Structure formats: C-alpha cells, structure tokens
Amino acid sequence: MQTMKLIFLGPPGAGKGTISKMITERLGIPQISTGDMFRAAIKEKTALGLKVQAILAAGALVPDELTIAIVKERLSWPDVRQSYILDGFPRTIAQADALAEFSELDAAVDFEVKDDLILFRLTGRRVCTSCGAIYHRVTKPPKVEGICDLCGGNLYIRSDDQEETVKARLKAYHDETEPLIGYYQKRGLLLTIDGSPDAETVYNTFISEIGRFLKK
Ligand code: ADP
Ligand code: ADP
Ligand code: ZN
C-alpha cells in the first residue's frame, strides 16, 4: 500500500471515526483523533484534561495553541512518519496553517452529511468504554445491547451527544471548520465524499477516489 497523510474534515457525526477505524483495520494506517485524546485526558484527570473538560461539555472548540501542541507532539512519534489519518484536526484555519508548517498532506477528505442526518447519527451513537469501537442504536447495533462485539466492554453515550450540545458543536463546525473546505480546495488537496450512504459504501468510495492524491 502507498503511504498516505490525510486529514478528515466533515461535521460531527459525518462518520470520520467510523471510516478511520475501517482504514486502520484494513490498511494498517494509524488514526490520530484529537477528540479521543482529549477524552482520555479528561478520564485520567491530567492537567490537559482539567483544562478542556468544560470546553468539551459545552460543545465548543479547545483553544488552538493547546490543540496544535498535542498534535505536533503526536506527529513526532515514529509510527506516523509515513502515514496517518488526522481525524478531527485541523478544525480552524489557524490549526491548518500550523499543520502545514510541520507536516505535508496528501489530501483533505471532506465527508458531506446534512445537519438533519447528523442529529440522528449523534443521538444514536454508542461508544465502547474499553476499545473505542463506534456503534449506532439503529444503523450499527451491537449483537448484545450495551456490549461491544469486539471486546465485551460496556457501551456508553458521549455526554456531548445530547441534542443541545450537538447544536453547539454544529454551530462551531459551520463557523470555524467549514472554511477549511475552501482552504484545501485552493491548495488542490480536497477530496469530497458523500458521507450519507452506509459505511461500507462510503469506505469503497474513499478507496476508489484517494489514489489520484497519492504519490506514485
Ligand atoms: P466529533 O467528531 O463527534 O465532532 P470529536 O471526538 O472529534 O467529535 O471531538 C470532540 C470534542 O473535542 C469537540 O467538540 C471539541 O470540543 C474537541 N476537539 C476535538 N478536536 C478538536 C480540534 N481540532 N480543535 C479544537 N477542539 C477539538
Ligand atoms: P464522527 O467521527 O464524524 O463524529 P462517527 O464515525 O462517530 O462520526 O459516527 C457517528 C455515528 O453515526 C455513529 O453512531 C456511527 O455508528 C454512525 N455512522 C457513521 N457512519 C455511518 C454511515 N455511513 N451510515 C450510518 N451510520 C453511520
Ligand atoms: Zn470494545
């Protein structure tokens, strides 16, 4: 497989985590999720976790300096020298400018999903407390309710997936993240994918389209 350095754009609930995990499983490319890193820090009550807890709870964005610093550090690890998927970073123009200084991307993949479908997806999302696998009450139910198919861990509902917080997150997306679509379009890096069909279809579209962005 070729090497690939990708960012995943798209609103909350577009399926970024789901498609990233399929790519990690099937192609072995590491996923870096800033959301997962913040949630881990909150759970462990680290200094970072204490700083960002209220921000995530409100559905707002963590300040750029903090977010950029953790991504920059993570990208210095040897496992992501050749390939990575940045899931949920950058989310602002300032983050995109910073990223351009320390890494060179092959493509920015934008998963397009309309706001009404997002609300359905996020309010039905269930996540494994133990391995992070992502389920949905309707579109991807686990075999046994509340239990992860992969590891037997308990599933939970993210506290920021309640309707009021989802609305705040969607507003942050439209105000601060959506401008990145034009930013990457201008640089010839944008791959737009319809994120509304089932995950297997979205994955297959990604595989058939990404090749033209990769180095031979
Ligand atoms: P989703 O993909 O459902 O939007 P994430 O897990 O990617 O959720 O992000 C959860 C929360 O973590 C965001 O609402 C925000 O508070 C914070 N966060 C994640 N990534 C970033 C980022 N790049 N910049 C600022 N805040 C972020
Ligand atoms: P994001 O990382 O962009 O916030 P997720 O991958 O966590 O999005 O997906 C949000 C919810 O939607 C999850 O419950 C997931 O199971 C479900 N989901 C993701 N992709 C699809 C899809 N293509 N079709 C139906 N449901 C999906
Ligand atoms: Zn699990």
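Quantities reported herein were computed from a predicted structural model and do not represent experimental measurements. All ligand and atom numbering here is 1-based and tracks the order in the structure.
Considering only heavy atoms from C-beta on, Asp110 stays 4.5 Å or farther from Tyr184 through its side chain. The shortest side-chain heavy-atom distance between Glu112 and Ile193 does not fall under the 4.5 Å cut-off.
For a threshold of 3.5 Å applied to N or O pairs, the pair formed by Pro197 and ligand 2 contains at least one separation below that value.
For ligand 2, the atoms lying closer than 4.0 Å to a non-hydrogen atom of Thr139 are 25 (C), 26 (N), 27 (C).
Cation-pi check for Arg169 over Tyr173 is not met; the charged atom does not lie both under 6.0 angstrom from the ring centroid and within 45 degrees of its normal. Geometrically, Arg26 engages Tyr203 in a cation-pi contact defined by less than 6.0 Å to the ring centre and at most 45° from the axis.
The two residues Asp64 and Ala94 have their closest heavy-atom pair at OD2-CB, 3.4 Å.
Counting heavy atoms of neighbouring residues, nucleotides and ligands inside a 6.0 Å radius, atom CD of Gln82 does not exceed 12 of them. No more than 12 heavy atoms of other residues, nucleotides or ligands shown are found within 6.0 angstrom of CZ on Arg81.
Chaining together hydrophobic side chains whose heavy atoms lie under 4.5 Å apart places Tyr135 alongside Leu150, Leu155.
Here the options are Arg212, Arg187, Lys5, Lys215, the test is salt bridge (Lys or Arg N to Asp or Glu O under 4.0 Å), and the partner is Asp106; only Lys215 passes.
Sorted pairs that involve residues 39-88 and meet ring pair (Phe, Tyr, Trp, His ring centres under 6.0 Å), not counting sequence neighbours, are lacking altogether.
Here the protein contributes Cys128 SG, Cys131 SG, Cys148 SG, Cys151 SG as N, O or S atoms under 2.8 Å from the Zn ion (ligand 3).
Taking CE of Met37 as the reference point, atom CZ of Arg74 lies at 6.5 Å (rounded to 0.5 Å).
Only the backbone of Tyr135 comes within 4.0 Å of ligand 2, judged by heavy-atom distances.
Near ligand 1, Pro12, Lys16, Thr34, Gly35, Phe38, Arg39, Leu56, Ala60, Leu61, Val62, Thr67, Gly88, Phe89, Arg91, Gln95, Arg125, Arg158, Arg169 each place a heavy atom less than 4.0 angstrom from the ligand.
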